[in-house]
Amino acid sequence: MSSRDSRHGPSGVPRDELEDARRAQLIEVTIDSLAEVGFVGTTLAEIAGRAGVSPGLVAHYFREKDGLLEAAFRTLARVVAVRMRERFALARTPRARVQALIDANLGPENFDRRTGNAWLAFWGQVLHFEGLKRVQTAYQRRMLSNLRSDLRSLIPGEDARSLAAMIAAMIDGVWLRAALSEWQEADSESARALLTAFVDGRLRELARSSGGDGAPTDADRGSQPTSERTIRVINPATGEELAVLAVDGPAQVNAAVERARLAQKEWRALTGAERGRVLQRAARLLRERNDALAELETRNTGKPIQETRAVDVISGAECLEYFAGLAAGLAGEHVDLGPKAFGYTRREPLGVVAGIGAWNYPLQIACWKSAPALACGNAMIFKPAELTPLTAIELAGIYREAGLPEGVFQVVQGFAATGRLLTRHPGIRKISLTGEVGTGKAVMAEAAATLKQVTLELGGKSPLIVFEDAKIDNAVAGALLGNFYSAGEVCSNGTRVFVHRSIHAAFVERLRERTAGLRVGDPLDPLTQVGALISAEHMEKVLGFMARGRAQGARLVIGGARVTSGELARGSFVAPTVFDYCHDDMDIVRREIFGPVMSVLEFTDEDEVIARANATEFGLAAGVFTHDVTRAHRVIAQLQAGTCWINHYNVTPIELPFGGVKMSGLGRENGRAAIEHYTQLKSVYVALSDVESPY
Ligand code: NDP
């Protein structure tokens, strides 16, 4: 008797495992064959030839071709189902689950020639083979029932059924079109954008037809028994649920505005110095609780604890201290009008104002908006982004402890619909938004109906220019800070790095070395330098850009993929990525990615680089690295950007106003300039003599 057990193959691997592996290999080969030579060409002999085995062995495993085809079709459907489950686990709302389904079907890891051609080959045969029909029916049923059940939380049942059918048909249609165009019209991001726009459009139309004028639907408002009434707050590094919060609807927003209106009367009546003292106490509490707040911020955003401990809370505290100092000095001016009169201006608060925050710096944004608002005597209602609602609640508690009267700073929670309740509310006099350009436009349009003031801190695609005389290590450090801090989720990032041709090679080499040393990991580990992206959906967007960078011909220097080692597989981690030899018209160079993706571009001449740097709709920030002082100021003066750095990048001291030009925004935060945006001037004429009148 042989020393080997007969349950083992010749390599000692258990026979069952060997057989499973062989089956899996034959299935993969079948998919390859279907993708390349179609259904008719995929014979048992063809499959056997590709797998390097005899046709008899194929028949041994699957009996006949139909069995093998059914198994292959099942495998394709299973891959989509697994992707769907992964994405569902991270989706927090019914709308996000619908998106997860779209993304699982059309995501870049799936939407490719091989998979598409194989599906096409199967579709052609589904009507004639019972086994294939069973797989197709089960796949379609699962898709429709998932869609219907999520859509029913958003719209009435009949509408949910028909919209689910439309979405399923469009997904199939997009695949079919891609395959029939021989993969010329096969761009995962565009395909998903098409479906997303369609779903959003239909939901809006349905909301309008039920609500009359495109006003938020009941589901938006949270007045229906749907899961849109709550926000599930998730740790993007682990998928763990951190909290479930109730969404605020019209009743809560109206009540908040009324409370704020009453509280603001009391608050504005205090002297500036008294208001300043409250802000000072709140700043002290922020500093005392730095570590706990930083940890909460890290759990909610996925940003490394080494950043949140050093920047997020402290920047908030510094902002409160700065405006606490200015509060006592707020003043109008005296105007001499000759011996018979004088004038003066009063700098008065606006009243009740609202802040709407983005998810990348939740606590810092809440502080940057509330500190000047409160210093000037306003009351503020703040809505954090739904993904990151936790630290704003802590800030409200800190203000209360510091002695801020009840109602002067309130937090409302919710999705865009809650934001719209604020932008439309006649009792609110100003909106300060941090968000995307599209949101900025929507907020401004809606604020127009009640002539609210707006401050808009929006997106960017900022240039960072490195001249030939720059110190390369400094410039590389600036580029790293301007691209990989907070995993690239920073609005002012210098994502278009223009490097002078004469130092281009040396710069890129140094950049590669230093990027390779960056540590991606558990955000709570103090050694981690690059944490998780905010969500799985956002990660897909970032990965999609990386895929397009490659497809459009940029050279990948480093990174370019998701990081899934060990525990990181549970979260949304992406490797810091550098593309070289980029062109101005590539998607990665033109569009805001909001992830760790840097594009390096070469230039030769100062005028040329200024023109290219300005050739964008954005105008948030810009940086210049050079040792020629004259050139530094000459170039900065010509760059169309609201916030600029010379020989540094992304430092934002509270003393300096921050904000954008062009499509990157309106108004300024921080610095004395912010006072302008939270006050209004009253001009007063004071007569010192009798009234002279022609009547
Ligand atoms: P979004 O524009 O998606 O959202 C911003 C906030 O607006 C969220 O609270 C959101 O609610 C709310 N909102 C969305 N639609 C409306 C609406 N129609 N009316 C009222 N409120 C609405 O931005 P992100 O949160 O995705 O943040 C990333 C963007 O923010 C990037 O473009 C980035 O550049 C920009 N940003 C700009 C900064 C700057 O200072 N210039 C700083 C930081 C980020 P909800 O999340 O609940 O949907």
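In this chain, numbering begins with 1 at the start of the sequence shown. In listed order, ligands and their atoms are each counted from 1.
Looking from atom 20 (C) of ligand 1 to the surrounding protein, the closest heavy atom is Gly419 C, 3.3 Å. The single protein non-hydrogen atom nearest to atom 34 (O) of ligand 1 is Glu592 OE2, 2.6 Å, given as residue, atom name and distance. Protein heavy atom at the shortest distance from atom 7 (O) of ligand 1 is Ile356 CG2, 3.3 Å. In this structure, atom 13 (N) of ligand 1 lies nearest to the protein heavy atom Thr439 CG2, 3.6 Å. Among all protein heavy atoms, the one lying closest to atom 17 (C) of ligand 1 is Arg420 CG, 3.9 Å. The nearest heavy-atom contact from the protein to atom 27 (O) of ligand 1 is Ala358 CB, 3.2 Å. Scanning the protein for heavy atoms near atom 47 (O) of ligand 1, the closest one is Glu386 CG, 2.8 Å. Atom 25 (O) of ligand 1 has its closest protein heavy atom at Trp359 CD1, 2.9 Å.
Using modelled atom types and a 3.5 Å distance limit, the side chains of Tyr361 and Ser486 yield a donor-acceptor pair.
Taking distance alone, with nitrogen or oxygen atoms compared against 3.5 Å, Thr434 stays at or beyond that limit from ligand 1. The shortest N/O to N/O separation between Lys383 and ligand 1 falls below 3.5 Å. Distances between N or O atoms of Gly414 and those of ligand 1 include at least one value under 3.5 Å. Residue Gly357 has at least one nitrogen or oxygen atom sitting less than 3.5 Å from a nitrogen or oxygen atom of ligand 1, judged on distance alone. By the 3.5 Å distance cut-off applied to N or O atoms, Glu436 is counted among the residues near ligand 1.
Heavy-atom contacts of Cys491 reach the following atoms of ligand 1: 33 (C), 34 (O), 36 (N), 37 (C), 38 (C), 39 (C), 40 (O), 41 (N), 42 (C), 43 (C), 44 (C) (cutoff under 4.0 Å).
A salt bridge does not link Asp159 with Arg152: every distance from a Lys NZ or Arg NE/NH1/NH2 to an Asp or Glu carboxylate oxygen is 4.0 Å or more. In this structure, Glu617 does not pair ionically with Lys662, as no charged nitrogen and carboxylate oxygen lie closer than 4.0 Å. Using a 4.0 Å cut-off between charged side-chain N and carboxylate O, Lys303 and Asp312 make a salt bridge. Classification of Arg591 and Glu189 as a salt-bridged pair holds, one side-chain N sitting under 4.0 Å from a carboxylate O.
Contact annotation for Leu458 and ligand 1: only backbone heavy atoms (N, CA, C, O) come within less than 4.0 Å of the ligand. Contacts of Glu669 with ligand 1, taken as heavy-atom pairs under 4.0 Å, are absent altogether. Heavy atoms of Val437 found under 4.0 angstrom from ligand 1: none, in either backbone or side chain. The proximity of Phe658 to ligand 1, defined as any non-hydrogen pair under 4.0 Å, is limited to the side chain. Contacts between Leu433 and ligand 1 below 4.0 angstrom, taking non-hydrogen atoms only, involve the side chain exclusively.
Residue pairs meeting the salt bridge (Lys or Arg N to Asp or Glu O under 4.0 Å) criterion with at least one partner in residues 380-398, sequence neighbours excluded, do not occur; the list is empty.
Using a distance-only test at 3.5 Å, with no hydrogens or angles considered, no donor-acceptor pair links the side chain of Thr577 to the main chain of Val597. Arg232 places no side-chain N or O within donor-acceptor distance of the main-chain N or O of Ala243, the cut-off being under 3.5 Å. Looking at Asn614, its side chain never comes within 3.5 Å of a backbone N or O of Gly619 through a donor-acceptor pair. Although no hydrogens or angles enter the test, the distance criterion places no donor-acceptor pair under 3.5 Å between the side chain of Asp584 and the main chain of Arg612. At distances below 3.5 Å, not a single donor-acceptor pair connects side-chain atoms of Thr298 with backbone N or O atoms of Glu295.
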Side chains of residues 534-542: which donor-acceptor partners sit under 3.5 Å, not counting sequence neighbours?
| from | atom 1 | to | atom 2 | distance (Å) |
| --- | --- | --- | --- | --- |
| Ser535 | OG | His538 | N | 3.0 |
| His538 | NE2 | Phe594 | O | 2.8 |
| Glu540 | OE1 | Arg87 | NH2 | 3.2 |
| Glu540 | OE2 | Arg87 | NH2 | 2.9 |

